[in-house]
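Just so you know, these numbers use all the heavy atoms, side chains as well, and skip hydrogens, waters and symmetry mates.
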Amino acid sequence: MKIRLISIGKTDEIEIQKLIEKYEKRLKHYVSFELEIIPDLKNRKNLSIEQQKIAEGKLILEKISKSDTTILLDEKGKQFTSVGFANEFQKLFNSGTKQINFIIGGPYGFSKEVYDFASRKIALSTMTFSHQMVRVFFVEQIYRAMTIIRNENYHHE
């Protein structure tokens with residue numbers, strides 16, 4: 001199975017980028033993982049919020065296939081404990097899913113088209129985090145899920 005984390009906008013902070021790279025490197029021992037960054041819209045300041053969501057949505061939808069499982073990271077999504085997330089991950093592995101796309105939207109969320117396309121939504125928290133921080137948190141949680149699934153000594157209850 002391949003896991004892709006697709007996100008709008010680059011990571012500006014070098015410290016955050018280093019943390020992401022640390023967990024990406026660790027993940028390669030367990031699963032094929034790719035972080036794909038969709039560049040920020042060039043004319044974003046000239047677009048309404050809805051126009052931004054639609055334009056970003058088109059860019060997101062170009063990157064994914066109907067045969068993929070697509071999960072949005074959305075504050076209104078279902079919340080999990082780390083063990084619960086690992087259990088959901090295991091179900092996806094067992095289902096024969098070939099590719100999972102986790103999507104982090106732009107600053108205003110997702111277009112209706114992206115919401116309609118996705119199979120589900122999950123939330124890291126009801127709090128709002130910067131898109132850069134969400135990348136670190138989520139890549140670490142994927143790594144944590146893999147260690148839980150393999151019963152390795154990383155996660156402690």
Side-chain angles (χ1 to χ4, degrees), residues 1-38 40 53 56-57 59-61 63-157:
M1 179 167 59
K2 181 176 183 178
I3 299 170
R4 286 174 57 207
L5 177 59
I6 301 171
S7 184
I8 301 286
K10 65 182 179 173
T11 301
D12 297 329
E13 301 293 329
I14 191 73
E15 296 85 359
I16 293 174
Q17 186 57 42
K18 285 182 180 181
L19 283 169
I20 293 168
E21 289 169 2
K22 172 184 173 178
Y23 288 106
E24 279 182 296
K25 185 177 178 183
R26 289 182 179 188
L27 272 172
K28 297 210 185 286
H29 297 288
Y30 300 99
V31 68
S32 175
F33 177 82
E34 176 186 356
L35 173 61
E36 184 162 347
I37 304 300
I38 297 173
D40 284 317
K53 291 193 309 187
E56 289 169 347
L59 295 172
I60 290 168
L61 292 172
K63 302 284 182 186
I64 54 182
S65 168
K66 288 183 180 183
S67 63
D68 299 342
T69 297
T70 299
I71 302 171
L72 306 181
L73 274 67
D74 186 275
E75 63 190 9
K76 294 177 183 82
K78 182 176 180 181
Q79 290 187 343
F80 293 96
T81 64
S82 292
V83 171
F85 179 64
N87 291 335
E88 287 296 309
F89 228 59
Q90 185 65 61
K91 289 177 189 174
L92 289 168
F93 283 126
N94 295 346
S95 73
T97 299
K98 292 190 191 300
Q99 181 161 307
I100 303 171
N101 299 309
F102 291 101
I103 315 289
I104 301 171
Y108 302 108
F110 300 102
S111 67
K112 180 184 180 324
E113 292 78 14
V114 173
Y115 277 119
D116 290 345
F117 186 89
S119 57
R120 63 188 92 160
K121 301 180 290 189
I122 62 172
L124 292 178
S125 171
T126 54
M127 294 183 203
T128 301
F129 301 112
S130 75
H131 290 84
Q132 294 183 44
M133 294 301 293
V134 168
R135 291 174 197 161
V136 173
F137 297 152
F138 195 67
V139 173
E140 190 277 340
Q141 283 299 301
I142 295 171
Y143 173 72
R144 182 175 297 272
M146 296 307 300
T147 64
I148 291 168
I149 290 167
R150 299 234 177 147
N151 202 27
E152 295 178 354
N153 192 19
Y154 179 76
H155 177 76
H156 305 284
E157 292 255 308

**Q.** Check against side-chain contact (heavy atoms from CB on, under 4.5 Å), Ile142 and Tyr30
**A.** CA-CA 10 Å; Ile142 295 171; Tyr30 300 99; over 6 Å; no
Q: Describe, in one word, how the ring planes of Phe89 and Phe93 are oriented to each other, choosing from parallel (under 30°), tilted (30 to 60°) and perpendicular (over 60°).
A: perpendicular
Q.
Using 30° and 60° as the class boundaries, would you call the ring planes of Tyr143 and Tyr23 parallel, tilted or perpendicular?
A. tilted
Q) Under 4.0 Å between a Lys/Arg side-chain N and an Asp/Glu carboxylate O for Glu24 and Lys28? A) no
How long is the span from the [atom1] atom in [X] to the [atom2] atom in [Y], to the nearest 0.5 Å?
{"X": "Gln90", "Y": "Leu92", "atom1": "CD", "atom2": "CG", "answer": "9.5 Å"}
{"X": "Leu72", "Y": "Ile103", "atom1": "CG", "atom2": "CD1", "answer": "6.5 Å"}
{"X": "Ile149", "Y": "Asn87", "atom1": "CD1", "atom2": "CG", "answer": "8.0 Å"}
{"X": "Gln79", "Y": "Lys121", "atom1": "CD", "atom2": "NZ", "answer": "12.5 Å"}
{"X": "Ile16", "Y": "Thr11", "atom1": "CD1", "atom2": "OG1", "answer": "7.0 Å"}
{"X": "Met133", "Y": "Leu19", "atom1": "CE", "atom2": "CG", "answer": "8.0 Å"}

Using every non-hydrogen atom in the two residues, find where [X] and [Y] come nearest and quote the distance to one decimal.
{"X": "Asp68", "Y": "Gln99", "result": "OD2-NE2, 3.3 Å"}
{"X": "Pro107", "Y": "Glu56", "result": "CD-OE2, 3.9 Å"}
{"X": "Ile37", "Y": "Gly9", "result": "CG2-O, 3.3 Å"}
{"X": "Val114", "Y": "Gly57", "result": "CG2-CA, 3.5 Å"}
{"X": "Gly77", "Y": "Ala123", "result": "O-CB, 3.5 Å"}
{"X": "Phe80", "Y": "Glu88", "result": "CE2-CG, 3.1 Å"}

Q) Is the closest side-chain heavy-atom distance between Tyr154 and Arg26 below 4.5 Å? A) yes
Q) Are any of the side-chain heavy atoms of Arg120 and Lys78 separated by less than 4.5 Å? A) no
**Q.** Among Leu5, Leu124, Ile8, the one residue meeting side chain to side chain contact (heavy atoms under 4.5 Å, CB included) with Ile104
**A.** Leu5
Q) Got a sec: does the NZ of Lys98 have more than 12 other heavy atoms crowding it under 6.0 Å? A) no
(Q) The test is side-chain contact (heavy atoms from CB on, under 4.5 Å); show your working for His29 and Arg150 and say whether it passes. (A) CA-CA 12 Å; His29 297 288; Arg150 299 234 177 147; over 6 Å; no
Q) Going through the distances and angles, do Ile60 and Phe117 end up as a side-chain contact (heavy atoms from CB on, under 4.5 Å)? A) CA-CA 10 Å; Ile60 290 168; Phe117 186 89; over 6 Å; no
Q) Given Glu36, which of Lys10, Arg135, Arg4 fulfils the salt bridge (Lys or Arg N to Asp or Glu O under 4.0 Å) condition? A) Arg4
Q: Evaluate the ring pair (Phe, Tyr, Trp, His ring centres under 6.0 Å) criterion for residues Phe85 and Phe138: first the C-alpha distance (whole Å), next the side-chain angles of each, then the deciding distance (0.1 Å), finally the verdict.
A: CA-CA 11 Å; Phe85 179 64; Phe138 195 67; 5.7 Å; yes
**Q.** Trace of the side-chain contact (heavy atoms from CB on, under 4.5 Å) decision for Leu27 with Ile3
**A.** CA-CA 10 Å; Leu27 272 172; Ile3 299 170; 5.9 Å; no
**Q.** Donor-acceptor pair, side chain of His131 and main chain of Gly106, under 3.5 angstrom
**A.** yes
**Q.** Any side-chain donor near an acceptor of the partner, Ser82 and Gln141, under 3.5 Å
**A.** yes
